[in-house]
Asker: 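Supplied in structure tokens, the structure appears directly below.
Hydrogens, waters and symmetry mates play no part in the numbers below; they use all other heavy atoms, side chains included.
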Amino acid sequence: FRVRIPLDDPEYIVHGPNEYGWMLVSVPLNDSVLVTVPDIVTGEPTWSKVVYARLWVQGFTQPDTLEIHDLGMVGNRWERREIQMCDSIVPPVQPGEQFTVSVVNNRENQEYIADPPPGVDPGKDDYGNVKLEQSLSLNCVNLLAGHQGIARQDFYTGADYTSYQSFRILVHGDGDQGEAFFQMGRDSVNYYELTVPLQRGWQVIDVPLQDMVSLKLLKDMQGMEYMRSGNLAVMGTPSFANVLTLALGVRNDLGVPLTAEVWINDITLRDPYRNRGYAHRLTAAVNFADLLSINGDYRMVDAEFHSLGV
């Protein structure tokens, strides 16, 4: 790909230039004018694997200095999946149903600026400007009853959440129909789930992880594959010690098609366990003139003591 970065087009200048000449320029990757494939390229380039980049400048009519503070890809890591049926007894997915995943932020979306997430302070940069703060936006149009749209984020190595007691999620709805859901687990058939009935405005939901673990234990005792209790559910055999996937989505639990926009802000682990850890070490050396030398070392570390470094 060849990406042209314009320095004189206000359509792409997000901020600036300030008194020192600094500006923030954003180029959408789907912009067919600025993002092109050169004629000399014979293959089919893809954004899924980029291993080389080259930067050059042109178009200057006099000597100048160009300073670049940061150059990077900006976006979200949530991958949109196709609309799914919640079970096999509902009607199949129809062509008119839509589900999209995007972001809203405090620089480009006036409705988000007017209704920011509670308790989230983006702070200010070195020039006194409010830093970028954004939320994931899940949009569904004509989502039929019993259908759901889902966005997923997968990890190469499992994350361990067992050092925390709870998590918090911020959910914003534009109406009081439908529900949002959040899943975390090993894969699409082994997960814990939280459902949030949509309301207009922001909701702050705190969930103790032990409540989910207790529900899983109850499910296993009764020999069931899936169990729901209130707004919590467990499918399969997930483990908070090995979380490989997260999923967010919108589900239609109504009898009529659903059109809604849902914002999801911070999903944070909270209340880390603060158990004291102990370690003991004793070293002794005894010398008997030139006849005998005895050295000893004793060390004890309990399970809650963790070393820094290795």
Asker: Only one of Leu66, Val57, Ile13 forms a side chain to side chain contact (heavy atoms under 4.5 Å, CB included) with Leu7, so which one is it?
Answerer: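 Between Leu7 and the candidates, side chain to side chain contact (heavy atoms under 4.5 Å, CB included) is satisfied uniquely by Leu66.
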Asker: At their closest point, which heavy atom of Gly185 faces which heavy atom of Pro238, and how far apart are they?
Answerer: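 That closest heavy-atom pairing would be CA-CB, 4.3 Å.
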Asker: What heavy-atom pair brings Val207 and Leu232 nearest, and what distance separates the two atoms?
Answerer: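 The pair with the smallest heavy-atom distance is CG1-CD2, 4.0 Å.
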Asker: Measure the spacing between CD of Gln183 and CD of Glu193 and express it to the nearest 0.5 Å.
Answerer: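 So the gap between those two atoms works out to 4.5 Å.
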Asker: Will you find, in the side chains of Thr195 and Asn231, an N or O donor that is under 3.5 Å from an N or O acceptor?
Answerer: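 Their side chains do not contain a donor-acceptor pair, so the 3.5 Å distance test is not met.
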Asker: Check whether Met212 and Tyr191 end up in the same hydrophobic cluster, where Ile, Leu, Val, Met, Phe, Trp and Tyr are linked by side-chain heavy atoms less than 4.5 Å apart.
Answerer: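 No, separate clusters.
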Asker: Quick one: does Asn109's side chain have a donor or acceptor within less than 3.5 Å of a partner on Glu111's backbone?
Answerer: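 Side chain of Asn109 to backbone of Glu111: no pair is present.
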Asker: Could you name each residue pair satisfying ring-ring contact (aromatic ring centres under 6.0 Å, His included) that touches residues 89-122, not counting sequence neighbours?
Answerer: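 Output for this query lists Tyr112-Trp263.
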Asker: The test is side chain to side chain contact (heavy atoms under 4.5 Å, CB included); show your working for Leu209 and Met184 and say whether it passes.
Answerer: CA-CA 11 Å; Leu209 297 184; Met184 49 186 167; 4.2 Å; yes
Asker: Is a side-chain N or O of Lys216 found less than 3.5 angstrom from the main chain of Val234, in a donor-acceptor match?
Answerer: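 Pair absent, no side-chain N/O of Lys216 close to backbone of Val234.
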Asker: Membership question, hydrophobic clusters at under 4.5 Å side-chain separation (ILVMFWY): are Ile89 and Met235 in the same one?
Answerer: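 No; tracing contacts between hydrophobic side chains, which count when under 4.5 Å, never links both residues.
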Asker: Side chains of Gln222 and Leu218: closer than 4.5 Å at any heavy-atom pair?
Answerer: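 Contact flag for Gln222/Leu218 side chains = yes.
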Asker: I'd like to know whether CZ of Arg200 has more than 12 heavy-atom contacts from other residues, nucleotides or ligands below 6.0 angstrom.
Answerer: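 For Arg200, atom CZ is not crowded (no more than 12 foreign heavy atoms under 6.0 Å).
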Asker: Go through the steps for Arg168 and Asp266 under the test side chain to side chain contact (heavy atoms under 4.5 Å, CB included), then give the verdict.
Answerer: CA-CA 8 Å; Arg168 171 175 290 180; Asp266 287 345; over 6 Å; no
Asker: Find out whether Tyr161 and Leu269 are in side-chain contact, i.e. whether some heavy atom of one side chain is under 4.5 Å from a heavy atom of the other.
Answerer: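 They are in contact (side-chain heavy atoms under 4.5 Å apart), so the answer is yes.
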Asker: Working to the nearest 0.5 Å, report the span between CG of Asn18 and CG of Leu24.
Answerer: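 Taking CG in Asn18 and CG in Leu24, the distance rounds to 11.0 Å.
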Asker: Under a 4.5 Å cut-off applied to non-hydrogen side-chain atoms, are Pro257 and Leu144 in contact?
Answerer: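 Contact flag for Pro257/Leu144 side chains = yes.
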Asker: With the side chain counted from C-beta on, respond yes when Leu132 and Asn106 share a heavy-atom pair under 4.5 Å apart, and no when they do not.
Answerer: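 SC-SC contact between Leu132 and Asn106 confirmed.
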Asker: At what distance, to the nearest 0.5 angstrom, does CG of Leu138 lie from CZ of Arg80?
Answerer: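 Reported value, rounded in 0.5 Å steps: 11.5 Å.
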Asker: Measuring centre to centre across the rings, with the benzene-like ring taken for any Trp, is Phe240 within less than 6.0 Å of Tyr164?
Answerer: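 Judged by ring-centre distance (under 6.0 Å), Phe240 and Tyr164 do not meet the cut-off.
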Asker: Look at the side chain of Asp211 and the backbone N and O of Leu215, then say whether any donor-acceptor pair between them is shorter than 3.5 Å.
Answerer: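 Not at all, since once roles are kept as given, no pair shorter than 3.5 Å links the two residues.
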Asker: Closest approach of Ser135 and Asn265, non-hydrogen atoms and distance?
Answerer: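 Scanning both residues, the minimum pair turns out to be OG-ND2, 2.6 Å.
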Asker: Measure from the side-chain N and O atoms of Asp271 to the backbone N and O of Gln165, and report whether any donor-acceptor pair falls under 3.5 Å.
Answerer: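 Checked: no pair found.
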Asker: From Leu136 CG over to Ser102 OG, what is the distance, rounded to the nearest 0.5 angstrom?
Answerer: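 Reported to 0.5 Å precision, the distance equals 7.5 Å.
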Asker: Taking all heavy atoms of Trp22 and all of Glu67, pick out the closest pair and write down the distance.
Answerer: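 Minimum heavy-atom separation between Trp22 and Glu67: CZ3-O, 3.6 Å.
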Asker: Within this structure, what is the CZ-CG distance for the pair Arg251 and Leu198, rounded to the nearest 0.5 Å?
Answerer: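 With rounding to 0.5 Å, CZ (Arg251) is 11.0 Å from CG (Leu198).
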Asker: Indicate yes or no: at least one non-hydrogen side-chain atom of His147 is less than 4.5 angstrom from one of Cys140.
Answerer: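 Not touching, per the 4.5 Å side-chain cut-off.
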Asker: Keeping Arg186 on the side-chain end and Thr237 on the backbone end, is there a donor-acceptor pair under 3.5 Å?
Answerer: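 Looks like yes, one N/O pair under 3.5 Å.
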Asker: Can you confirm whether or not the ring centre of Phe167 sits under 6.0 Å from the ring centre of Phe182?
Answerer: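 Yes - the distance between ring centres of Phe167 and Phe182 falls below the 6.0 Å cut-off.
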Asker: If every non-hydrogen atom of Trp78 is compared with every non-hydrogen atom of Ala151, which pair is closest and at what distance?
Answerer: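 Scanning both residues, the minimum pair turns out to be CE3-O, 3.6 Å.
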Asker: Please confirm whether the backbone N or O of Pro92 pairs with a side-chain atom of Gln94, one donor and one acceptor, at under 3.5 Å?
Answerer: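 Here the side-chain-to-backbone pair exists.
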Asker: Rounded to the nearest 0.5 Å, how far apart are CZ of Arg2 and CH2 of Trp56?
Answerer: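 Interatomic distance, Arg2 CZ to Trp56 CH2, rounded to 0.5 Å: 4.5 Å.
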Asker: Can you find a pair of side-chain heavy atoms, one from Tyr12 and one from Ile5, that are under 4.5 Å apart?
Answerer: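 Contact flag for Tyr12/Ile5 side chains = no.
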Asker: What heavy-atom pair brings Leu258 and Gln177 nearest, and what distance separates the two atoms?
Answerer: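 Leu258 and Gln177 have their closest heavy atoms at CD1-O, 3.7 Å.
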Asker: Are Ile264 and Val196 joined in one hydrophobic group, where the rule is that I, L, V, M, F, W and Y side chains link up if heavy atoms are under 4.5 Å apart?
Answerer: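 Shared cluster, yes.
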Asker: Going only through I, L, V, M, F, W and Y residues with side-chain contacts under 4.5 Å, is there a path from Val120 to Ile205?
Answerer: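 Per the 4.5 Å side-chain linkage, Val120 and Ile205 are not co-clustered.
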Asker: Arg4 pairs by side chain to side chain contact (heavy atoms under 4.5 Å, CB included) with which of Asp31, Val35, Leu34, Val27?
Answerer: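 Result: among Asp31, Val35, Leu34, Val27, Leu34 is the only option passing the side chain to side chain contact (heavy atoms under 4.5 Å, CB included) with Arg4.
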Asker: Does Val101 belong to the same Ile/Leu/Val/Met/Phe/Trp/Tyr cluster as Val104, with side-chain heavy atoms less than 4.5 Å apart forming each link?
Answerer: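 Per the 4.5 Å side-chain linkage, Val101 and Val104 are not co-clustered.
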Asker: Output, in order, the C-alpha distance, side-chain angles, deciding distance and verdict of side chain to side chain contact (heavy atoms under 4.5 Å, CB included) for Val262 and Val171.
Answerer: CA-CA 7 Å; Val262 181; Val171 179; 3.9 Å; yes
Asker: For Asp206 and Ser166, which I'm curious about, is there any donor-acceptor pair between the side chains at under 3.5 Å?
Answerer: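 Side chains of Asp206 and Ser166: no pair found under 3.5 Å.
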Asker: Within a radius of less than 6.0 Å around OH of Tyr20, do more than 12 heavy atoms belonging to other residues, nucleotides or ligands occur?
Answerer: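 Not more than 12 within 6.0 Å, no.
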Asker: Applying salt bridge (Lys or Arg N to Asp or Glu O under 4.0 Å), run through Lys131 and Glu133 and close with a yes or a no.
Answerer: CA-CA 6 Å; Lys131 293 182 179 179; Glu133 197 281 321; over 6 Å; no
Asker: How far apart are the C-alpha atoms of Thr259 and Asn142, what are their side-chain angles, what is the distance that settles it, and do they pass the side chain to side chain contact (heavy atoms under 4.5 Å, CB included) test?
Answerer: CA-CA 5 Å; Thr259 296; Asn142 295 325; 3.9 Å; yes
Asker: I'd like to know if the side chain of Asp174 and the backbone of Glu261 have a donor-acceptor N/O pair within less than 3.5 Å.
Answerer: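 At least one qualifying donor-acceptor pair exists.
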Asker: Taking C-beta and beyond as the side chain, do Val37 and Phe1 meet within less than 4.5 Å on heavy atoms?
Answerer: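 Contact flag for Val37/Phe1 side chains = yes.
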